[in-house]
Visitor: 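Let me give you the structure first, and then I'll get to my questions.
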Amino acid sequence: MEVVILGGSRQIGNLAADAIEELIRRKPDAVLGLATGSTPLPVYDDLADRHGQGLDFSRTSGFALDEYVGLPAGHPESYREVIRREFTNRVNIAPENVHGPDGTAADIPAACEAYEQAIAAAGVVDLQLLGVGTDGHIGFNEPGSSFASRTRIKSLIEQTRRDNARFFTSLAEVPHHVITQGLGTIMAARHVILLATGAQKAQAVRDFVEGPVAAICPASVLQFHPHATVLLDESAASALKLGDFYRHTYENKPAWQAL
Ligand code: F6R
């Protein structure tokens, strides 16, 4: 796991966008794993700017990490809409190449299975963007999630519902259920880049980067990923024991070594 501590969310967005641009130039039909929430927004802003300067997404495809269950189609806070508004509408990804779990499906297990099959049909997720919850979740794999899990329905912990209430007019509107890629699904991506900003993430970051690998902290499974990059601002990195070591390592990284 490579831990990179940067000055702020703009620098984090820029470095993640560098990795995505390098991937798309090398492999124009790359498959991106897309996270929602607030943290990745600077990445999407940066990619929209790069598209304005000619970066071509026409052969790229994207798979959302997760979706609320029970929000009506087109609800502005459904993750399908958020991904569309914040990212895919701002670049030239073909709409048919943008996928998300169907949170409106009458048959949820069938929708989950169909989503896994769609990812498998695309080959492999080349680069998966992730945020992390204050409880250590990735996707919506809450504490206790199986490390082998695939896309399925999950219940949100109250802490996550409270954290996400800022996107809704009241806590009561935040759905209790979600469909999320499993930890096993996420671990199958070639490269994962997890972004975390703000002091409210410091404990979760300390737990998953430096704590034991345990289902109580789902993001800790990334310690087993062969290519995981963690981009942090100073506040999110503030509880790390080895912060100075990560800074030193990144500052002295050989020029030929990419993220
Ligand atoms: C979003 C997702 C979640 C968020 C996490 C952090 O698709 O899967 O795991 O990444 O809840 O959200 P923010 O970035 O809003 O703090």
Side-chain angles (χ1 to χ4, degrees), residues 8-10 12-13 16 32-45 62-69 71 75-88 98-103 112 115 119 125 127-145 149-168 171 174-187 189 192-205 207-209 217-222 228-233 235-237:
S9 52
R10 211 168 43 81
I12 290 174
L32 302 177
L34 303 172
T36 50
S38 306
T39 318
L41 296 179
V43 185
Y44 299 142
D45 290 343
F63 284 86
L65 264 177
D66 40 21
E67 182 57 281
Y68 291 113
V69 169
L71 291 183
H75 188 290
E77 293 309 326
S78 75
Y79 283 172
R80 191 174 291 251
E81 282 304 308
V82 173
I83 295 266
R84 209 196 315 266
R85 185 171 66 235
E86 301 293 350
F87 179 46
T88 59
V98 183
H99 310 269
D102 183 1
C112 295
Y115 199 55
I119 296 172
V125 172
L127 191 155
Q128 175 68 61
L129 280 180
L130 294 173
V132 64
T134 56
D135 64 358
H137 70 233
I138 50 175
F140 272 139
N141 294 282
E142 294 285 29
S145 293
S149 52
R150 311 301 299 200
T151 302
R152 69 216 182 290
I153 190 165
K154 289 292 286 180
S155 296
L156 291 181
I157 280 181
E158 275 310 292
Q159 182 176 329
T160 301
R161 291 188 65 249
R162 279 197 303 273
D163 287 346
N164 286 7
R166 69 189 191 279
F167 296 112
F168 294 83
L171 177 60
V174 183
H176 287 268
H177 292 105
V178 291
I179 296 177
T180 181
Q181 287 188 29
L183 294 173
T185 320
I186 292 168
M187 287 292 282
V192 299
I193 300 186
L194 185 150
L195 322 170
T197 52
Q200 74 282 7
K201 299 290 173 69
Q203 187 60 48
V205 167
D207 289 347
F208 88 81
V209 173
C217 181
S220 66
V221 73
L222 298 177
T229 305
V230 179
L231 306 184
L232 305 172
D233 69 0
S235 303

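Whatever order the structure lists them in is the order used to number ligands and atoms, beginning at 1. FYI, side chains are in, hydrogens and waters are out, and symmetry mates aren't considered; it's all heavy atoms of this structure. As the structure is a prediction and not an experimental result, all values here were calculated from the model.
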Visitor: Between V132, N164, L41, flag the one that comes closest to atom 6 (C) of ligand 1 by a heavy atom.
Guide: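 Minimum heavy-atom distance to atom 6 (C) of ligand 1 goes to V132.
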Visitor: Go through ligand 1 atom by atom and flag the ones less than 4.0 Å from a non-hydrogen atom of L65.
Guide: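 That gives atoms 8 (O) of ligand 1.
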Visitor: Heavy-atom contact check, 4.0 Å cutoff: does Q200 meet ligand 1?
Guide: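 Heavy atoms of Q200 never come under 4.0 Å of ligand 1.
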Visitor: Taking only heavy atoms of G37, which atoms of ligand 1 are found under 4.0 Å from at least one of them?
Guide: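 Per the distance check, 14 (O), 15 (O).
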Visitor: So do S149 and L183 actually touch side chain to side chain, heavy atoms under 4.5 Å?
Guide: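 They are in side-chain contact.
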Visitor: Suppose we measure from atom 3 (C) of ligand 1 to each protein heavy atom; which comes out shortest, and what is that distance?
Guide: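 Sorting protein heavy atoms by distance from atom 3 (C) of ligand 1 puts G139 O, 3.5 Å first.
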Visitor: For ligand 1, is there an N or O atom under 3.5 Å from any N or O atom of Y79?
Guide: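 So ligand 1 has no N or O lying under 3.5 Å from an N or O of Y79.
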Visitor: Look at atom 1 (C) of ligand 1 and say which protein heavy atom is nearest, naming residue and atom and giving the distance to 0.1 Å.
Guide: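 Residue, atom and distance for the closest contact: T36 OG1, 3.1 Å.
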Visitor: Does Q181 come within less than 4.0 angstrom of ligand 1, counting non-hydrogen atoms of the residue?
Guide: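 The answer is no: ligand 1 sits nowhere under 4.0 Å from a heavy atom of Q181.
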Visitor: Among all protein non-hydrogen atoms, which one is nearest to atom 5 (C) of ligand 1, and what is the separation to 0.1 Å?
Guide: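 For atom 5 (C) of ligand 1, the nearest protein heavy atom comes out as H137 NE2, 3.4 Å.
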Visitor: Which residue and atom name correspond to the protein heavy atom nearest atom 2 (C) of ligand 1, and how close is it?
Guide: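 The answer is D66 OD2, 3.2 Å.
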Visitor: Measuring only between side-chain heavy atoms, which start at C-beta, is T151 closer than 4.5 Å to I179?
Guide: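 Touching, per the 4.5 Å side-chain cut-off.
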Visitor: For atom 14 (O) of ligand 1, which of the options T180, T39, I138 provides the nearest non-hydrogen atom?
Guide: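 Answer by nearest heavy atom: T39.
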Visitor: Please state which protein non-hydrogen atom is closest to atom 10 (O) of ligand 1 and give its distance, to 0.1 Å?
Guide: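 For atom 10 (O) of ligand 1, the nearest protein heavy atom is G131 CA, 3.3 Å.
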Visitor: Considering only heavy atoms from C-beta outward, does the side chain of F168 approach that of L71 to under 4.5 Å?
Guide: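 Yes; the side chains approach each other to less than 4.5 Å.
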Visitor: May I ask you to identify the nearest protein heavy atom to atom 16 (O) of ligand 1, giving residue, atom name and distance to one decimal place in Å?
Guide: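 Answer for atom 16 (O) of ligand 1: K201 NZ, 2.7 Å.
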Visitor: Mind checking side chain to side chain contact (heavy atoms under 4.5 Å, CB included) for R162 and listing every partner two or more places apart, or none if nothing turns up?
Guide: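 Scan of R162 (side chain to side chain contact (heavy atoms under 4.5 Å, CB included), adjacent residues dropped) gives E158, Q159, L171.
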